Amino acid sequence: MGNMVDLRSDTVTKPTAAMRDAMCQAEVGDDVYGEDPTVNRLERVAAELLGKEASVFVPSGTMANQIALLTHTQRGDEVFIHRDNHIYFYEGGGAAMWSQATFTELAGDEGLMTPEELSDRIRPRNIHHPRPRLLSLENTHNRAGGAALSRSRLMPLVEVAREHGLAVHLDGARIANAAVALHVSIASLTADMDSVSMCFSKGLGAPVGSVLAGPKDYIDQARVYRKWLGGGMRQAGILAAAGLYAIEHHIDRLEEDHVRAARLAEQLRRAGYQVDQPSVPTNMVMVNLDRDATEVIQHLAAQGVLVSAMGPRRLRLVTHLDVTDADIDRTLLEFSQLKG
Ligand SMILES: *Cc1c(COP(=O)(O)O)cnc(C)c1O
């Protein structure tokens with residue numbers, strides 16, 4: 001992908017030289033014995049960042065979310081979730097295998113259902129209904145164009161969940177993008193949640209790694225499920241070092257990705273494209289086309305610009321650590337030529 005501009009996802013970032021140095025120098029031990037000092041440090045630092053008692057390091061965001069469901073629910077328990085959430089849309093139906101929870105999916109703008117709708121869907125306790133157990137939210141919201149959801153928008157949903165005795169999980173794969181875009185601390189966006197997952201391998205630029213954070217006893221149980229799923233790693237400090245480096249050096253710079261995405265969105269609009277940005281955008285641009293997305297993707301790829309499809313006539317462009325201003329210019333040029 002040497003000379004390509006790769007806007008398919010922020011997962012394509014490669015570790016920087018400085019991050020690789022930090023990984024090289026990491027002090028390690030056997031983490032299944034709890035003896036990897038770098039993993040232990042990352043778990044403490046991440047818990048603090050997310051405002052929780054404890055966290056557990058896992059290979060992927062998907063594993064963090066699936067373990068979260070396993071830990072919150074028993075077989076058949078009901079999880080309320082927006083139908084565009086990653087857990088529902090992009091995790092291969094994994095919940096049917098692991099937690100075996102029942103999903104009740106809701107719709108609504110920017111990845112949020114209304115509090116009224118949530119409340120209406122929570123049925124009274126009765127032998128006919130599954131046990132309502134969990135509300136699962138996502139911030140930033142990927143399929144909603146990377147929408148950064150403020151605490152005041154999430155709070156009414158959390159309140160409905162609490163009234164009905166539901167726990168609340170936040171898929172915070174890109175919670176750092178949300179905090180940077182909203183100019184608030186990460187912990188202020190996670191304070192109302194019982195558990196939070198967060199990825200280091202997206203815009204934060206680590207090669208691998210996510211965490212699940214929550215109360216200490218919850219995380220103790222989550223560690224058991226991580227082992228079940230084969231996610232207990234040995235000298236994982238090499239990977240945790242990348243996460244620590246990302247927290248220290250790559251959070252504030254997300255602002256640059258957001259500025260580039262905003263410029264891309266604005267100039268695509270001026271070139272006549274329909275761009276539906278969410279109310280608080282982050283590092284994603286969604287383009288609605290009047291023709292087949294795969295055709296456009298192939299054409300752009302031939303010119304060295306990679307983007308992904310978010311629907312039959314919808315594209316997603318994601319800015320990240322490895323995208324420069326010149327890459328944005330080149331992308332805009334290709335898009336305007338496509339139009340002309
Ligand atoms: C990428 C992503 C995940 C899962 O991440 P993987 O590490 O790829 O498993 C979870 N939630 C959201 C919103 C994501 O964008």
Side-chain angles (χ1 to χ4, degrees), residues 6-15 42 46 50 55-70 79 81-95 97-99 103 105 110-112 134-149 154 168-181 186 189-190 193 195-213 222 225-226 229-231 233 236 239-240 242-243 246 254 257 261 278 280-286 308-310 316-321:
D6 196 345
L7 302 171
R8 288 172 302 168
S9 175
D10 46 9
T11 56
V12 302
T13 50
K14 300 200 176 112
L42 173 63
L50 295 165
S55 85
V56 58
F57 184 52
V58 292
S60 69
T62 298
M63 193 187 283
N65 284 333
Q66 294 299 323
I67 291 175
L69 296 179
L70 268 166
V79 176
I81 191 163
H82 191 284
R83 66 183 184 191
D84 281 332
N85 281 24
H86 195 279
I87 289 179
Y88 185 76
F89 201 93
Y90 285 124
E91 299 190 8
M97 281 182 275
W98 314 129
S99 60
F103 279 154
E105 95 261 26
E110 295 203 302
L112 295 176
L134 183 71
L135 170 65
S136 190
L137 300 170
E138 182 176 314
N139 198 13
T140 63
H141 200 284
N142 178 15
R143 286 187 59 78
L149 304 169
L154 296 175
V168 184
H169 172 66
L170 179 71
D171 177 348
R174 297 187 182 83
I175 192 65
N177 292 84
V180 167
I186 292 176
L189 293 174
T190 56
M193 314 294 163
S195 58
V196 188
S197 59
M198 173 181 181
C199 291
F200 305 120
S201 58
K202 302 273 167 88
L204 296 182
V208 176
S210 289
V211 286
L212 174 65
Y225 291 128
R226 180 183 68 168
L229 295 178
M233 299 180 285
L239 300 173
L254 290 172
D257 299 343
V280 183
T282 52
N283 64 333
M284 295 183 188
V285 178
M286 297 288 180
S308 57
M310 272 310 238
R316 186 185 76 165
L317 286 64
V318 186
T319 58
H320 53 74
L321 196 55

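Whatever order the structure lists ligands and atoms in, that order sets their numbers, starting from 1. Quick note: numbers below take in every heavy atom, side chains included, and nothing from hydrogens, waters or symmetry partners. Source: prediction; values computed, not measured. By convention here, the first residue in the shown sequence is residue 1.
For the ligand labelled ligand 1, residue M63 lies outside the 4.0 Å heavy-atom shell.
Side-chain contact check for D171 and N85: no donor-acceptor pair (N or O, by modelled atom type) lies under 3.5 Å. Side-chain contact of H169 with N65: a donor-acceptor pair under 3.5 Å is present, judged by distance alone.
The backbone N or O of H320 sits nowhere less than 3.5 Å from a side-chain atom of D10 that would complete a donor-acceptor pair. When atom types are taken as modelled, the side chain of R316 and the backbone of R8 share a donor-acceptor pair closer than 3.5 angstrom.
Considering both main-chain and side-chain atoms, S210 never comes within under 3.5 Å of ligand 1 through any nitrogen or oxygen pair.
When each atom of ligand 1 is checked for a heavy atom of N65 under 4.0 Å away, the hits are 10 (C), 11 (N). For ligand 1, the atoms sitting less than 4.0 Å from at least one non-hydrogen atom of A173 are 2 (C), 10 (C), 11 (N), 12 (C), 13 (C), 14 (C), numbered in the order shown with element in parentheses. Which parts of ligand 1 touch E138 is read off a 4.0 Å heavy-atom cut-off, strictly below it: atoms 13 (C).
Residue contacts with ligand 1 for S60 involve both N, CA, C or O and side-chain atoms from C-beta outward (heavy atoms, distance under 4.0 Å). Residue contacts with ligand 1, taken as heavy atom pairs separated by less than 4.0 Å, involve T62 via backbone and side-chain atoms alike. The proximity of K202 to ligand 1, defined as any non-hydrogen pair under 4.0 Å, is limited to the side chain.
Residues passing the salt bridge (charged side-chain N to carboxylate O under 4.0 Å, His left out) test with E91, sequence neighbours excluded: none.
Side-chain contact check for T62 versus H86: some heavy-atom pair is nearer than 4.5 Å.
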